[in-house]
Amino acid sequence: MASKLLRAVILGPPGSGKGTVCQRIAQSFGLQHLSSGHFLRENIRANTEVGDMAKQYIEKGLLVPDHVITRLMMSELENRRLQHWLLDGFPRTLVQAEALDKICELDLVITLNIPFETLKDRLSRRWIHPPSGRVYNLDFNPPHVHGIDDITGEPLVQQEDDKPEAVAARLRQYKDVAKPVIELYKSRGVLHQFSGTETNKIWPYVYTLFSNKITPIQSKEAY
């Protein structure tokens, strides 16, 4: 079982709890959690060529196009050829999924189906520390001091697109783009869908699914 490297992807709309689930999978199974958002921030900070390209789009409030994000992620994956990994935030589109196909075959794709009302509530309670990407939720992961990042003491902000009026548009956009990606992985028999309103209730099922593919290094009760 250990000889084959595990390649997994997690899909889900903003506010679906992807980050929390990824963290738990990474800790329980020793997988590298590869977040496209994290790599983007790192490259923008380091002023790399691909970071500068991405920054131009982000500053205009535009989505980073497929060719930029694909180039970034391909080089990161190239460096991790000998590791088990879990991709978060990539592939978002069919074009990105096709690029990923060229370098590896996925073993597992998880998609989180969370009711619209739950997502709306979660996102409206979400505050972010922009330099690090750390996310807080006033209900289940509040900062120690309201409005202040735990680690740096810098102020937290609520992103414009987490405000209630923007959430519905974001979720519609996610669904339109994600649908063909979900259909592709469904047709290959690697897609597993989990539905619910609480990450803690979804987690045991995710844990069991991964346990069938790779030996855990930590029990699911560790949370």
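Note that the structure is predicted; figures quoted are calculated from it, not measured. The figures that follow rest on heavy atoms only: side chains count, while hydrogens, waters and symmetry mates do not. By convention here, the first residue in the shown sequence is residue 1.
- Using a 4.5 Å cut-off on side-chain heavy atoms (C-beta onward), Met74 and Thr70 make contact.
- Listed here is the closest heavy atom pair of Ile151 and Tyr136: N-OH, 4.5 Å.
- For the residue pair Gln96 and Arg92, the shortest heavy atom distance occurs at OE1-N, 2.7 Å.
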Stepwise, does the side-chain contact (heavy atoms from CB on, under 4.5 Å) test hold for His192 with Thr111?
-> CA-CA 6 Å; His192 300 265; Thr111 177; over 6 Å; no
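- The 12-atom threshold is not exceeded at OH of Tyr205, counting heavy atoms of other residues, nucleotides or ligands nearer than 6.0 Å.
- Separating the OG atom in Ser124 from the CG atom in Leu138 is a distance of 8.5 Å, to the nearest 0.5 Å.
- Between Pro216 and Phe210 the shortest side-chain heavy-atom distance does not fall below 4.5 Å.
- Rounding to the nearest 0.5 Å places CD1 of Ile10 at 16.0 Å from CZ of Phe90.
- Side-chain contact check for His129 and Ser132: at least one donor-acceptor pair (N or O, by modelled atom type) lies under 3.5 Å.
- Formation of a donor-acceptor pair under 3.5 Å by the Asn141 side chain with backbone atoms of Val135 is found in this model.
- Comment: Arg134 engages Asp149 in a salt bridge, judged by a side-chain N to carboxylate O separation of less than 4.0 angstrom.
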Check the pair Glu183 / Arg188 against salt bridge (Lys or Arg N to Asp or Glu O under 4.0 Å), numbers first and verdict last.
-> CA-CA 9 Å; Glu183 290 302 321; Arg188 291 185 184 168; over 6 Å; no
Are Leu87 and Leu100 close enough, and set up right, to give a side-chain contact (heavy atoms from CB on, under 4.5 Å), and what steps lead you there?
-> CA-CA 11 Å; Leu87 278 178; Leu100 185 58; 3.8 Å; yes
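- Within the 4.5 Å cutoff, the side chain of Ile114 has no heavy atoms near those of the Ser195 side chain.
- With salt bridges taken as basic N to acidic carboxylate O contacts below 4.0 Å, none links Arg45 and Glu42.
- Both Ile103 and Val109 belong to a common hydrophobic cluster when Ile, Leu, Val, Met, Phe, Trp and Tyr are linked at side-chain heavy-atom distances under 4.5 angstrom.
- Here the closest heavy-atom approach between residue Pro91 and residue Leu11 is recorded as O-CD2, 3.6 Å.
- In this structure, the separation between CD1 on Ile148 and CD on Glu154 is 9.5 Å, given to the nearest 0.5 Å.
- A salt bridge is absent between Lys102 and Glu98; no separation between the charged side-chain nitrogens and carboxylate oxygens falls under 4.0 Å.
- Transitive grouping of hydrophobic side chains (ILVMFWY, heavy atoms separated by less than 4.5 Å) brings Leu94 and Leu106 into a common cluster.
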Show the numbers, then the answer: is there a side-chain contact (heavy atoms from CB on, under 4.5 Å) between Leu63 and Gln173?
-> CA-CA 11 Å; Leu63 284 174; Gln173 184 195 33; 3.2 Å; yes
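- For the pair Ser28 and Ile217, the minimum side-chain heavy-atom distance is 4.5 Å or more.
- Across all their heavy atoms, Ile69 and Ser36 have their closest contact at CD1-CB, 4.3 Å.
- Residues Val181 and Thr93 approach most closely at CG2-C, 3.3 Å, considering heavy atoms.
- To the nearest 0.5 angstrom, Leu34 atom CG is 8.0 Å from Glu76 atom CD.
- Hydrophobic clustering of Ile, Leu, Val, Met, Phe, Trp and Tyr side chains at less than 4.5 Å, counting indirect connections, unites Leu112 with Val167.
- With hydrogens and angles ignored, the 3.5 Å screen pairs no side-chain donor or acceptor of Lys186 with any backbone N or O of Leu191.
- In this model, a donor atom of one side chain and an acceptor atom of the other lie less than 3.5 Å apart for Asn200 and Arg24.
- Residues Met73 and Trp85 share a hydrophobic cluster, clusters being chains of Ile/Leu/Val/Met/Phe/Trp/Tyr side chains in contact below 4.5 Å.
- Counting only distance, with no hydrogens or angles, the side chain of Arg122 and the backbone of Gly15 share a donor-acceptor pair below 3.5 Å.
- In this structure a side-chain-to-backbone donor-acceptor pair under 3.5 Å is missing from Asn43 to Val50.
- Here the CD-CG distance, from Gln193 to Asn113, works out to 5.0 Å after rounding to the nearest 0.5 Å.
- By the criterion of side-chain heavy atoms lying less than 4.5 angstrom apart, applied directly or through intervening Ile, Leu, Val, Met, Phe, Trp or Tyr residues, Ile214 is not grouped with Val190; the two fall into different hydrophobic clusters.
- Taking the six-membered ring where the residue is Trp, Tyr207 and Phe29 present tilted rings, their angle falling between 30° and 60°.
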When you look at Gln32 and His84, which way does the side-chain hydrogen bond (donor to acceptor under 3.5 Å, both in side chains) test go after all the steps?
-> CA-CA 6 Å; Gln32 288 278 324; His84 297 289; over 6 Å; no
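- Using a 4.5 Å cut-off on side-chain heavy atoms (C-beta onward), Leu108 and Val9 make no contact.
- Listed by chain and number, the residues in a salt bridge (Lys or Arg N to Asp or Glu O under 4.0 Å) with Arg41 amount to none (sequence neighbours excluded).
- A donor-acceptor pair under 3.5 Å is formed between the side chain of Ser75 and the backbone N or O of Leu72.
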Stepwise side-chain contact (heavy atoms from CB on, under 4.5 Å) check, Val206 with Phe194 = CA-CA 8 Å; Val206 174; Phe194 296 99; 4.0 Å; yes
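- Ion pairing of Arg125 with Asp139 is present here, as a side-chain N (NZ or NE/NH1/NH2) and a carboxylate O approach within less than 4.0 Å.
- Two residues are said to be in side-chain contact when any heavy atoms from C-beta on lie closer than 4.5 Å; Pro14 and Tyr174 meet this criterion.
- A pairwise comparison of heavy atoms in Ile110 and Ile25 identifies CD1-CD1, 4.3 Å as the closest pair.
- Atoms CE and CG, from Met53 and Leu40 in turn, are 11.5 Å apart once rounded to the nearest 0.5 Å.
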